[in-house]
Amino acid sequence: MSTDSTAAVFTDRVTIRYGKKVAVDDVTLSVPRGCVYALLGRNGAGKSSLVRTLLGQQRASAGDVRVLGEDVWNHRDVLMERVGIVPEDADAPPDMRVEAVVRFWAALYSRWSAALFDERMRRFNISPRTKFGDLSKGQKKQVSLALALATSPELLLLDDPTLGLDVVARKSLFEEVIAEMADRGITVVVTTHDLAGVETLADRVGILKEGRLVLDEELEPLKARFRRVRFAARPVALANGGLATAKVRAWGSGTEAVVTNFDDLTMERVGGNDVAEVAPMSLEDIFIAVAGEEA
């Protein structure tokens, strides 16, 4: 068994099964401290199962899971003091006022900061006297984020935090996380389908596909090696020239390819005068090429 005691999150060959179904298959990943790690995948790819295991809510069928250097299953009671959580569905009894939720939450955390929470509530323009059931979906997420950050966490886990939010609310939530990162240098692990939003935030990206971690690397090198290339000719012998591809399809009378190991010299040697267009790819484009059905 390998370990990485310096990582904020570390999994070594983790497998999660439900009966005969394998939800997470032999996943090894390491999230450096102070990093924003985006864990991506289509519905059913295994994200939720892995998140529950990272939180010690369920035990891995095989492998080792460590959070902030500790075995999460055996030390969950201590670790959760150091981990902030923004769940997919922020919830509390609908008749419970925000101030009552805060009193309950503050009693659980020794590092609770009322000043940090109150400051965010003023910025979000949410009254502590408001009943939780009267809050909009965006406001519920804002309260959940404020609660998590007021515990002074070393690790913040955001489970699809922008689901159901409008563009303005999504932008506001991510900006709050960015500001907190700059102020305190906490580690963030976020699962999301908002790839455009997380692209401005993430340092490193992992992509789960059918339970397996098919990609895990820093965002900027990842974007540097992916290109959408269009060739005037069809077919083009890309593999023979040393170009790896995630997808190749017909493009008019030519060929369009998603190249995963792009560099100018190789492209010039392979494509020559047949290269009609070379375009950079967004994180969303890369995700579709890697995790989409046609990948």
Would you call [X] and [Y] a salt bridge, taking side-chain N to carboxylate O under 4.0 Å as the test?
{"X": "Glu99", "Y": "Arg129", "result": "yes"}
{"X": "Arg13", "Y": "Asp64", "result": "no"}
{"X": "Glu119", "Y": "Arg123", "result": "yes"}

Using modelled atom types only, decide if a donor and an acceptor are shared between the side chain of [X] and the backbone of [Y] within a distance under 3.5 Å.
{"X": "Glu70", "Y": "Val67", "answer": "no"}
{"X": "Ser113", "Y": "Leu116", "answer": "yes"}
{"X": "Lys141", "Y": "Pro161", "answer": "yes"}
{"X": "Ser282", "Y": "Asp285", "answer": "yes"}
{"X": "Thr260", "Y": "Ala246", "answer": "no"}
{"X": "Lys47", "Y": "Gly41", "answer": "yes"}
{"X": "Thr162", "Y": "Leu165", "answer": "no"}
{"X": "Asp160", "Y": "Glu88", "answer": "no"}

Assess the residue pair Leu55 and Thr53 against the criterion (side-chain contact (heavy atoms from CB on, under 4.5 Å)); give the C-alpha distance rounded to whole Å, side-chain angles, the decisive distance to 0.1 Å, and a yes or no. CA-CA 5 Å; Leu55 293 173; Thr53 303; over 6 Å; no
Do [X] and [Y] make a side-chain contact, defined as non-hydrogen atoms from C-beta onward lying under 4.5 Å apart?
{"X": "Val248", "Y": "Thr255", "value": "yes"}
{"X": "Thr245", "Y": "Val258", "value": "no"}
{"X": "Leu157", "Y": "Val190", "value": "no"}
{"X": "Arg111", "Y": "Glu81", "value": "yes"}
{"X": "Phe287", "Y": "His193", "value": "no"}
{"X": "Leu40", "Y": "Leu195", "value": "yes"}
{"X": "Leu29", "Y": "Leu50", "value": "yes"}

Quick check for you: to the nearest 0.5 Å, what is the distance between [X] atom [atom1] and [Y] atom [atom2]?
{"X": "Leu219", "Y": "Thr200", "atom1": "CG", "atom2": "OG1", "result": "10.0 Å"}
{"X": "Leu213", "Y": "Leu215", "atom1": "CG", "atom2": "CG", "result": "7.5 Å"}
{"X": "Leu68", "Y": "Glu154", "atom1": "CG", "atom2": "CD", "result": "5.0 Å"}
{"X": "Thr130", "Y": "Arg97", "atom1": "OG1", "atom2": "CZ", "result": "8.0 Å"}
{"X": "Arg120", "Y": "Asn125", "atom1": "CZ", "atom2": "CG", "result": "15.5 Å"}
{"X": "Cys35", "Y": "Arg33", "atom1": "SG", "atom2": "CZ", "result": "12.5 Å"}

Nearest heavy-atom pair of [X] and [Y]: which atoms, and what distance?
{"X": "Val86", "Y": "Ala148", "result": "CG2-CB, 4.0 Å"}
{"X": "Ser172", "Y": "Phe124", "result": "OG-CE2, 4.4 Å"}
{"X": "Val259", "Y": "Leu243", "result": "CG1-CD2, 3.9 Å"}
{"X": "Val290", "Y": "Phe226", "result": "CG2-CZ, 3.9 Å"}

Between the side chains of Thr191 and Asp159, does any donor sit under 3.5 Å from an acceptor?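 Yes.
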Candidate list Arg204, Lys223, Arg225, test salt bridge (Lys or Arg N to Asp or Glu O under 4.0 Å), partner Glu217, passing option: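 Testing Glu217 for a salt bridge (Lys or Arg N to Asp or Glu O under 4.0 Å) against Arg204, Lys223, Arg225 leaves exactly one candidate, Arg225.
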Which residues pass the side chain to side chain donor-acceptor pair (under 3.5 Å) test with Gln57, not counting sequence neighbours?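 Per chain and number, Gln57 pairs via side chain to side chain donor-acceptor pair (under 3.5 Å) with no residue.
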side-chain contact (heavy atoms from CB on, under 4.5 Å), that's the test. Do Leu145 and Glu176 meet it? Break it down for me. CA-CA 9 Å; Leu145 178 64; Glu176 287 292 323; 3.7 Å; yes
Given Glu175 and Lys171, is the salt bridge (charged side-chain N to carboxylate O under 4.0 Å, His left out) satisfied, shown in steps? CA-CA 6 Å; Glu175 284 178 348; Lys171 185 173 184 293; 2.4 Å; yes
Are Leu208 and Val31 co-members of a hydrophobic cluster defined by side-chain heavy atoms under 4.5 Å apart?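 Shared cluster, yes.
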Evaluate Leu39 against Tyr37 for side-chain contact (heavy atoms from CB on, under 4.5 Å), listing each step before the verdict. CA-CA 6 Å; Leu39 182 64; Tyr37 189 95; 4.2 Å; yes
Listed by chain and number, what are the ring pair (Phe, Tyr, Trp, His ring centres under 6.0 Å) partners of Phe117, not counting sequence neighbours?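 Trp112.
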Tyr109: partners by ring pair (Phe, Tyr, Trp, His ring centres under 6.0 Å), with sequence neighbours left out: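 Testing Tyr109 for ring pair (Phe, Tyr, Trp, His ring centres under 6.0 Å), a comparison that skips the adjacent residues, returns Trp105.
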Quick one: do Leu156 and Val189 satisfy side-chain contact (heavy atoms from CB on, under 4.5 Å)? Show the steps, please. CA-CA 6 Å; Leu156 179 64; Val189 175; over 6 Å; no
Worked verdict on Ser49 versus Tyr18 for side-chain hydrogen bond (donor to acceptor under 3.5 Å, both in side chains): CA-CA 10 Å; Ser49 294; Tyr18 302 101; 2.8 Å; yes
